[in-house]
Protein chains: 2
Amino acid sequence: MQDAYLKQFKKGILEIVVLKLLESREQYGYELISALNEKSRFLEVREGTLYPLLYRLEDEKLIDTRWQQAPARGVPKKYYAITPKGRQVLGEVSKTWFAFSAEVGAILKGDDDQS
Amino acid sequence: MQDAYLKQFKKGILEIVVLKLLESREQYGYELISALNEKSRFLEVREGTLYPLLYRLEDEKLIDTRWQQAPARGVPKKYYAITPKGRQVLGEVSKTWFAFSAEVGAILKGDDDQS
DNA sequence: CAATATACTTTGTGTTACATAGTATATTGT
DNA sequence: ACAATATACTATGTAACACAAAGTATATTG
């Protein structure tokens with residue numbers, strides 16, 4: 001039941017978190033999933049969440065993709081890299097999120113003037 | 001475009017914010033809408049958002065409702081009051097939200113060990 | 001008495017996270 | 001050598017939620 005709320009909380013911000021993870025270097029899908037699952041107990045994702053999200057980011061030209069044909073050994077991987085437009089959106093939407101979460105936090109903290 | 005993200009950010013937390021607003025006293029629908037629109041530039045809602053949300057909260061027994069038949073003058077109003085179960089959920093989910101937003105904030109702030 | 005404001009209702013839409021299942025290649029244990 | 005497991009990506013379908021838009025009905029105001 002708590003999980004149902006968490007599922008909703010992630011909406012929208014997951015995209016931005018993924019862009020953030022790609023900010024420093026390109027990564028492939030499975031790498032991102034592992035990173036999220038290690039880094040955070042709230043942002044865990046499954047393939048069915050991440051890959052469609054990546055396709056959306058690609059459609060919006062926020063990331064570029066390239067296939068890396070098994071360089072020496074291993075399965076071929078699809079690498080995702082953030083674009084300049086992606087960096088711009090990352091910056092803007094991050095700022096919006098900080099403002100948003102601060103405001104929600106203020107309300108939930110209880111400075112509710114009961115007029 | 002920015003608004004599209006904001007719309008997603010609200011998911012889940014709007015319910016909790018409404019519970020919070022009802023924490024101190026019962027209120028009717030339009031009152032809640034006005035309160036949200038004044039109090040916050042991020043949490044603005046329309047009727048089509050709030051009323052279905054209130055019905056959900058009622059279904060889940062997190063709020064009670066009562067009709068106030070126009071006491072002296074004015075349109076009859078439907079008052080919403082938080083239940084004990086509602087207070088419990090408010091407390092629990094608030095805590096989850098603070099933890100969640102702190103974690104997202106930490107990631108977006110850029111302490112990304114690029115391993 | 002028409003126009004506007006208040007208050008609530010109803011229907012339908014788009015986005016998103018996720019479950020589930022599937023394909024295919026690599027690696028590992030015995 | 002070969003089944004089992006891990007890696008990596010794809011594809012289909014579902015549920016929840018915020019919202020647009022339109023509607024109903026009563027009060028107030030010019």
Side-chain angles (χ1 to χ4, degrees), chain A residues 1-18 26-37 40 42-60 63 65-80 93 100 104, chain B residues 1-18 26-37 40 42-60 63 65-80 93 100 104:
Chain A
M1 199 147 220
Q2 200 81 332
D3 285 349
Y5 280 99
L6 202 54
K7 185 171 161 177
Q8 297 301 322
F9 292 170
K10 293 185 195 173
K11 298 215 166 155
I13 200 60
L14 248 188
E15 283 194 6
I16 303 305
V17 166
V18 168
E26 64 174 6
Q27 276 180 275
Y28 56 92
Y30 234 69
E31 205 178 359
L32 286 167
I33 291 173
S34 310
L36 284 168
N37 292 358
S40 163
F42 293 115
L43 292 172
E44 293 186 352
V45 287
R46 307 297 213 75
E47 297 100 307
T49 297
L50 185 70
Y51 288 108
L53 185 157
L54 289 171
Y55 305 151
R56 286 200 302 274
L57 291 179
E58 193 183 1
D59 281 346
E60 297 161 21
I63 58 176
T65 71
R66 79 183 167 85
W67 274 101
Q68 175 93 8
Q69 283 296 352
R73 55 181 49 219
V75 178
K77 294 162 187 167
K78 200 173 179 180
Y79 276 86
Y80 300 89
V93 182
F100 171 82
V104 171
Chain B
M1 200 145 219
Q2 199 82 331
D3 286 349
Y5 280 100
L6 203 54
K7 185 170 161 179
Q8 296 302 320
F9 291 170
K10 295 184 194 172
K11 298 216 166 156
I13 199 61
L14 250 187
E15 282 193 10
I16 302 307
V17 167
V18 168
E26 65 175 4
Q27 278 180 272
Y28 58 91
Y30 235 69
E31 204 178 359
L32 286 168
I33 291 174
S34 310
L36 283 168
N37 293 358
S40 163
F42 294 115
L43 294 172
E44 293 185 353
V45 286
R46 308 295 216 75
E47 297 100 306
T49 298
L50 184 70
Y51 288 108
L53 184 157
L54 289 171
Y55 305 151
R56 286 199 303 274
L57 291 178
E58 191 182 2
D59 282 347
E60 296 163 20
I63 58 176
T65 73
R66 79 184 168 84
W67 273 101
Q68 175 92 4
Q69 282 295 353
R73 51 183 49 219
V75 178
K77 294 163 188 168
K78 200 172 178 182
Y79 276 86
Y80 301 88
V93 182
F100 171 82
V104 171

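Quantities reported herein were computed from a predicted structural model and do not represent experimental measurements.
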Which whole-number value in Å describes the distance from A:Lys11 NZ to D:dA18 P? 9 Å

Quick one: A:Gln68 CD to D:dT7 P, roughly how many Å, whole number?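 So the CD-P distance, A:Gln68 to D:dT7, works out to 19 Å.
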
Presence of [X] side-chain N/O under 4.0 Å of [N] phosphate oxygens OP1/OP2:
| X | N | value |
| --- | --- | --- |
| A:Lys77 | D:dA8 | yes |
| B:Arg46 | D:dA20 | yes |
| B:Thr49 | D:dA18 | no |
| B:Tyr55 | C:dT9 | yes |

For [X], which contact category applies under a 4.0 Å heavy-atom criterion: base, sugar-phosphate, or nothing?
| X | answer |
| --- | --- |
| B:Leu14 | sugar-phosphate |
| B:Lys78 | sugar-phosphate |
| A:Gln8 | sugar-phosphate |
| B:Glu15 | sugar-phosphate |
| B:Lys10 | sugar-phosphate |
| A:Gly48 | base |

Counting heavy atoms from C-beta on, name the nucleotide in [options] closest to the side chain of [X].
| X | options | value |
| --- | --- | --- |
| B:Pro52 | D:dC19, C:dA7, D:dC9 | D:dC19 |
| B:Leu53 | C:dA7, D:dA18, D:dC9 | D:dA18 |
| A:Tyr80 | D:dT7, C:dC8, D:dT10 | D:dT10 |
| B:Val45 | D:dC19, C:dA7, C:dC18 | D:dC19 |
| B:Tyr51 | D:dA16, C:dC8, D:dT10 | C:dC8 |
| B:Arg56 | D:dC17, C:dT16, C:dC18 | D:dC17 |
| A:Tyr28 | C:dT16, C:dT9, D:dA8 | D:dA8 |
| B:Trp67 | C:dC8, C:dG14, D:dC9 | C:dC8 |

In the strands shown, is C:dA21 matched to any nucleotide by a Watson-Crick or G-U wobble pair with both distances under 3.5 Å, and which? D:dT10

Salt bridge check, A:Glu31 against A:Lys77: does any charged N sit closer than 4.0 Å to a carboxylate O? no

